[in-house]
Amino acid sequence: MPKITLPDGNQLTLADGATVYDVAAAIGPGLARAAIGGAITFDGNRQLTDLNAPLPGDCRIELLTAKDDNADSLYLLRHSTAHVMAEAICKLYPDTQLAYGPPLEDGFYYDLHTSHAISPPDFERIEAEMQRIVSEDRKFCRYEMPRDEAMKKLEAEGNRFKVDNALRAEGGTLSFYVTGENRGQDWEDLCRGPHIPSTGVIKAFRIKQVSGSYYRGDVNEQQLQRVYGTAFFNKKALKQYEQQLEEAKKRDHRLLGQQLELFTINPDVGSGLVLWEPNGAIVRTMLENYVKMELILRGFEPVFTPHIGRLDLYRTSGHYPYYEDSQFPALYETDRGRALLCLRNLIRRAEEETGERKAEVAQQVKVFADAVAQAFGDFGGGDALDDPAKLSPVVEECLCHEEGYLLKPMNCPHHINIYAAQHRSYRQLPIRLAEFGTVYRYEQSGELGGMVRVRGFTQDDAHIFCTPDQVQAEIASCIELTQQVLSTLEFKDYRARIGLRDPESDKYIGAAELWEQAEQNLRDAAAASGLSATEEIGEAAFYGPKIDFVVKDCIGREWQLGTVQVDYNLPERFKITYVGRDNREHRPVMIHRAPLGSMERFVGILIEHFAGAFPLWLAPVQVAVATISEKSDEYAQEVHKSLVGAGLRVLLDDGSDKIGPKKHRLRSRKIPYILVVGENEAADRTVNVNDRDGASLGTFPLAAFIEGCILEIQTKGKQRHGALQEA
RNA sequence: GCUUCUGUAGCUCAGUGGUAGAGCGCGUCCUUGGUAAGGACGAGGUCAUGGGUUCAAGUCCCAUCAGAAGCUCCA
């Protein structure tokens, strides 16, 4: 006789074999009709279950009903809708093989393989088929099978994805869900559940998009089609969701960047290379000035370094070997170096090719290698010339000795050399070197996007060189700075992530003990700062763990902005030292940090954050003066001159439009204050102040308005002139 | 890089194999005005680029470049 505890603390005792439904029925017939599933907490584990799932014993139960504001209910609904969509697609495209279809935060997807390339015009057909299944109001029926029997069944069906899924599933039995009561006839899917009671519960759904995805996230695996959709318990909620998406898109920094003339990207210059227009440049300059001031207050020293560096520098740091493919190609100094690089690339192609092509390219390698040896001197190819696989290490080895330059992908090696330029004593530490350093990375073409993922960007970078004792305090100070900057810019909705190394992976350099030390440094500093952060394996940099500050863009994608990274490895690689109190040489610890991350990404996110309506201190144009008619031109020019004289960024609109359209246009440029100036204002030496939302803030003496602006700018919006405050 | 989609005036977008379109913006002139759009006229195009099919291509096919969504990657 299971004893049930409800969320309100009330308890029920039901007969053995009772289900979640029986709990609902025991409470009332209304709830019994409305319930679609349950969340059972048993043995300390909370689990969502089907409505007809038997109770495991004494437990706590939350009943789930068809409500669009309950994440668990939506989870069930969307998981089930994924099944309905899968059935529809299987019917329309009979060679479909399903792989994996989970619910998401705002919908669901199903990964599948079919010979038909599903594209948006197909959505309507699929949705119509789904609607048919929903109208039939078929029950979701679960059945279980012993593992052996189930595996045989799946293997007979010939879907390797489902066989894979089953192999990874735990437990002695596997469960299937039939969409309908006629097992063997109605459509079914291997699934651990749970589901809603029947398809009729789905009141609103939409297929959103389709795209490619690699099976199990592996680039070398088969590429599947991923169909995204969403579902709700009523049509209104779906409509509201779609309207929200539309609204969010209006905040997109690519759209606003163009409308507000903040930045542009032109393929003639290069994709992923941002051209800052004057308006964007003002926002960036103001941000940089602000951060520079904060850095000086915290004991950072500005430095400058060039945009390129010797290849050897990046061989030492490890960046060149690790990230060669995502860097702009190295600038080898000699023809021999360039030739060897071509040869190396040709060898790689030969290794990738298959079949007849492979032999063909191997022959080209041989001819080319011969030519290189004759033209630029023997490189030791010898009898390896016939076999690309044997030639490969020889050429790689030769290339390692060829010198050249690299567009810098990171600032740290340059800063390390500034540190190393002097003999350092422990008395000088910490040394904090800061630079708005521009770096170049050849990001994959499919990754590029607006300002947030680009190939050339400027980091608000700094490197702290300190003793092991100082590490924690320095990290804490970096966290504090990042939080301070985010708070000044009114970011409240961000999360922190501690990125740890993945012990399984071989991409990380250095000794495990140093990694553990560094990871512990970060945890301790985060704890001391009161920063709540999630730990994520595999998110570390190759040289050290880090804390990243992550925010979402207008369509919910997460982007890393600020970062704090602890690094015991690069000091080791560059063999930098300081003399300790004991008069011996010691290895300093490095902290890499950037509170904004990159100016490009940060400003991109900032545009979306403010929807282009920047606070006064950042706004490209802070005040617009608009005349009623030519009669007040002279006074308007006086006003303009006074504002400019007070250091404000001002635009004078004395065009021939009427004040209505004039104001409309200035508002659409998101200028914080629009001053309307006519004959009345000229007579009183006042300005009529309007904000960019269209509200009239009243008429003020010019001097009072200027004073208010200056206060607002100096305090970065924390304080405003009393009269302007009301808005 | 991969899958799918997209590329027409400064911007947003129509365009059925048969002479290149609209709205907004821009320019000139008229209108001298009070808070979301006064009027007239005008300028703007190698239909992303390069091939192909066709009597004929913005439209169909291929390639390249660029953009979008997702996957993968992100020092």
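Numbers restart at 1 for each chain; the letters A, B, ... are given by sequence-line order, proteins then strands.
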* To do: Mark yes or no for a side-chain to base donor-acceptor pair under 3.5 Å between A:Arg453 and B:rC74, with no hydrogen or angle criteria applied.
  => yes

* Ring centers of A:Tyr543, A:His592 separated by less than 6.0 Å -> yes

* **A:Tyr322 ring over B:rA75 six-membered base ring, under 5.5 Å and 30°** => no

* Asked: B:rG1 base to A:Asp325 side chain: any donor-acceptor pair below 3.5 Å?
  -> no

* Asked: If you check the A:Arg254 side chain, which of B:rA68, B:rC73, B:rC74 turns out closest?
  -> B:rA68

* To do: Give the nucleotide from the list B:rC71, B:rU35, B:rC5 with an atom nearest to the side chain of A:Ser119.
  => B:rC5

* Asked: Under 3.5 Å, is there an N or O donor on one side and an acceptor on the other linking the side chain of A:Glu447 and the base of B:rC71?
  -> yes

* Asked: Relative to A:Phe328, does A:Arg441 satisfy both conditions: NZ or CZ under 6.0 angstrom from the six-membered ring centre, and within 45 degrees of the ring's axis?
  -> no

* Asked: With no angle test and no hydrogens, is the base of B:rA66 tied to the side chain of A:Ser445 by a donor-acceptor pair under 3.5 Å?
  -> no

* Asked: From the list B:rU4, B:rG70, B:rG34, which nucleotide is the closest neighbour of the side chain of A:Arg557?
  -> B:rG70

* Would you classify B:rG44 as syn or anti? Syn applies when the glycosidic angle is within 90° of 0. => syn

* Within the modelled atom types, does a donor on one side and an acceptor on the other bring the side chain of A:Glu681 and the base of B:rG34 under 3.5 Å apart? -> yes

* Check: B:rU72 base within 3.5 Å donor-acceptor of A:Asp218 side chain -> no

* Pi-cation contact, A:Phe108 with A:Arg78 (under 6.0 Å, within 45°) -> no

* Asked: Does the ring centre of A:Phe705 sit less than 6.0 Å away from the ring centre of A:Tyr673?
  -> yes

* **Minimum-distance nucleotide (side-chain atoms of A:Tyr214 versus B:rG34, B:rG1, B:rG70)** => B:rG1

